[in-house]
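In what follows, a single structure is set out as structure tokens and then discussed.
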Amino acid sequence: MKQSTRWSRRQVARLSLAGATAALTGCGLAALRVPPQLYTLTPKSTFRDNLPTVEWQLLVEPPVAAAGLDSLRIALQSSPLTLDYFADVAWTDRAPQMTQTLIVESFENSGRIVSVGRESIGLRANYLLKTELREFQAEYAEGVTLVAPTVRVRINAKLVETIGRTIIAGTNFEATTIAADNRIGSIVMAFDDSLGKVMRRLIEWTLDSGEAHWRIRERT
């Protein structure tokens with residue numbers, strides 16, 4: 001019985017040592033794991049010259065997005081029914097929040113509206129810009145991932161009068177850009193180009209639509 005007990009203790013000791021070694025190895029691997037490369041996009045700063053300068057105030061809501069796009073990860077599609085992500089890279093913020101920030105900055109860069117901000121700041125605005133991020137991915141031909149993809153960005157927009165929450169205008173904006181090559185840096189540049197085209201049209205449409213409604217409202 002005593003010999004049996006000694007062997008049992010040795011076995012426990014060996015198991016404990018093996019467990020400790022595995023834990024240390026796991027910690028080492030975790031420490032060596034490289035964090036993802038982070039990417040961001042840029043706001044729009046060029047607009048047509050005859051944009052109206054407006055007196056009304058605007059709030060920009062975070063875009064609504066499907067769960068697959070509401071992510072830090074950079075999305076890709078290689079078939080109409082699948083959604084995947086590029087490995088080891090990420091956006092600096094979730095795609096809808098990053099887009100909201102860029103839209104606000106683009107309005108500010110236009111120089112045509114002073115009072116614009118996120119809904120969370122509590123600005124007492126005249127209009128609310130509600131958007132939905134419907135496409136925000138790099139698209140490859142089905143089964144082909146070795147050639148440069150096309151980046152597609154599509155945003156649905158509704159301009160809402162805050163009094164009564166009445167929709168005064170609504171439309172879709174879409175742009176595509178073929179990446180210069182299949183490297184992630186070029187693909188991110190294509191995202192920047194597509195989103196920039198969409199944001200320019202979105203900002204101009206919002207200022208035009210809001211100002212047209214504001215003038216009619218002021219006359220009545």
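Sequential numbering from 1 along the given sequence is applied to the chain's residues.
Remark: side-chain polar atoms of S106 are paired, donor with acceptor, to backbone N or O of K44 under 3.5 angstrom. Under the 3.5 Å distance criterion, the side-chain polar atoms of S194 are matched with a main-chain donor or acceptor of V151. With Y85 contributing its side chain and A90 its backbone, the two residues share no donor-acceptor pair below 3.5 Å. With hydrogens and angles disregarded, a donor-acceptor distance shorter than 3.5 Å links the side chain of D192 to the backbone of T42. Formation of a donor-acceptor pair under 3.5 Å by the S71 side chain with backbone atoms of A67 is not found in this model. Between the side chain of Q77 and the backbone N or O of T82 there is at least one donor-acceptor pair closer than 3.5 Å.
Looking at R134 and N172, their side chains come closer than 4.5 Å, going by heavy atoms from C-beta outward. Looking at F191 and Y39, their side chains never come closer than 4.5 Å, going by heavy atoms from C-beta outward. The closest side-chain heavy-atom distance from F107 to L207 is below 4.5 Å. Side-chain atoms of K197 and T177, non-hydrogen and from C-beta on, do get closer than 4.5 Å to each other. A 4.5 Å side-chain heavy-atom check between F47 and R112 finds every atom pair outside the cut-off. Contact annotation: the side chain of R217 approaches that of I163 to within less than 4.5 Å [non-hydrogen atoms, C-beta and beyond]. The closest side-chain heavy-atom distance from L41 to V188 is below 4.5 Å. Within the 4.5 Å cutoff, side-chain heavy atoms of R48 are placed close to those of R200.
Of all non-hydrogen atoms in L69 and P96, the two that sit nearest each other are O-CD, 3.9 Å. Residue T99 comes nearest to A95 through the heavy atom pair OG1-O, 2.8 Å, listed as atom of the first residue, atom of the second, then distance. Taking both residues in full, the closest heavy atoms of A180 and A148 are given as C-CB, 4.4 Å, listed atom of the first, atom of the second, then distance. The two residues Q57 and A125 make their nearest non-hydrogen contact at O-CB, 3.5 Å. Closest heavy-atom contact between D181 and P149: O-CD, 4.2 Å. The minimum heavy-atom distance linking N182 with V147 is given by the pair OD1-O, 3.3 Å.
Within a 6.0 Å sphere centred on CG of N50, other residues, nucleotides and ligands contribute more than 12 heavy atoms.
In summary, the side chains of T162 and R124 do not present any donor paired with an acceptor at a separation below 3.5 Å, with no hydrogens or angles considered.
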(message) Walk me through whether T171 and R201 qualify under side chain to side chain contact (heavy atoms under 4.5 Å, CB included).
(response) CA-CA 11 Å; T171 191; R201 292 162 57 199; over 6 Å; no

(request) Let me see the working for D208 and L51 under side chain to side chain contact (heavy atoms under 4.5 Å, CB included), right down to the final yes or no. (result) CA-CA 7 Å; D208 287 338; L51 271 180; 4.1 Å; yes

(message) Run the side chain to side chain contact (heavy atoms under 4.5 Å, CB included) test on R118 and T101 for me, step by step, so that the C-alpha distance in whole Å, both residues' side-chain angles and the decisive distance to 0.1 Å come before the verdict.
(response) CA-CA 8 Å; R118 298 170 180 81; T101 297; 2.9 Å; yes

(request) Tell me, with the steps shown, if L58 and L129 meet side chain to side chain contact (heavy atoms under 4.5 Å, CB included). (result) CA-CA 7 Å; L58 177 70; L129 181 61; 4.1 Å; yes

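Residues I74 and I178 do not share a hydrophobic cluster, clusters being chains of Ile/Leu/Val/Met/Phe/Trp/Tyr side chains in contact below 4.5 Å. M189 and L76 sit in two unconnected hydrophobic clusters of ILVMFWY residues. Membership requires side-chain heavy atoms under 4.5 Å apart, directly or through other members. Residues L72 and F86 do not share a hydrophobic cluster, clusters being chains of Ile/Leu/Val/Met/Phe/Trp/Tyr side chains in contact below 4.5 Å. At a threshold of 4.5 Å between side-chain heavy atoms, the hydrophobic network of Ile, Leu, Val, Met, Phe, Trp and Tyr places V60 and V114 in two separate groups.
A distance of 9.5 Å separates CD of E108 from CD1 of I113, quoted to the nearest 0.5 Å. The structure places OG1 of T131 at 7.5 Å from CG of L133, a figure rounded to the nearest 0.5 Å. The OG1 atom of T150 lies 10.5 Å from the CD atom of Q137; values are rounded to the nearest 0.5 Å. Separation of atoms CG (L159) and CD1 (I168) is listed at 4.0 Å; rounding is to 0.5 Å. The CG atom of D88 sits 10.0 Å away from the CD1 atom of I184 when rounded to the nearest 0.5 Å. Atoms CG and OG, from D84 and S79 in turn, are 8.0 Å apart once rounded to the nearest 0.5 Å.
Note: Y127 and W214 have perpendicular aromatic rings, judged against thresholds of 30 and 60 degrees for the angle between ring planes.
Under the 4.0 Å criterion applied to side-chain N and carboxylate O atoms, R152 and E139 are assigned as salt-bridge partners.
Here the rule is side-chain contact (heavy atoms from CB on, under 4.5 Å) with M98, and of D93, L195, I103 only D93 fits it.
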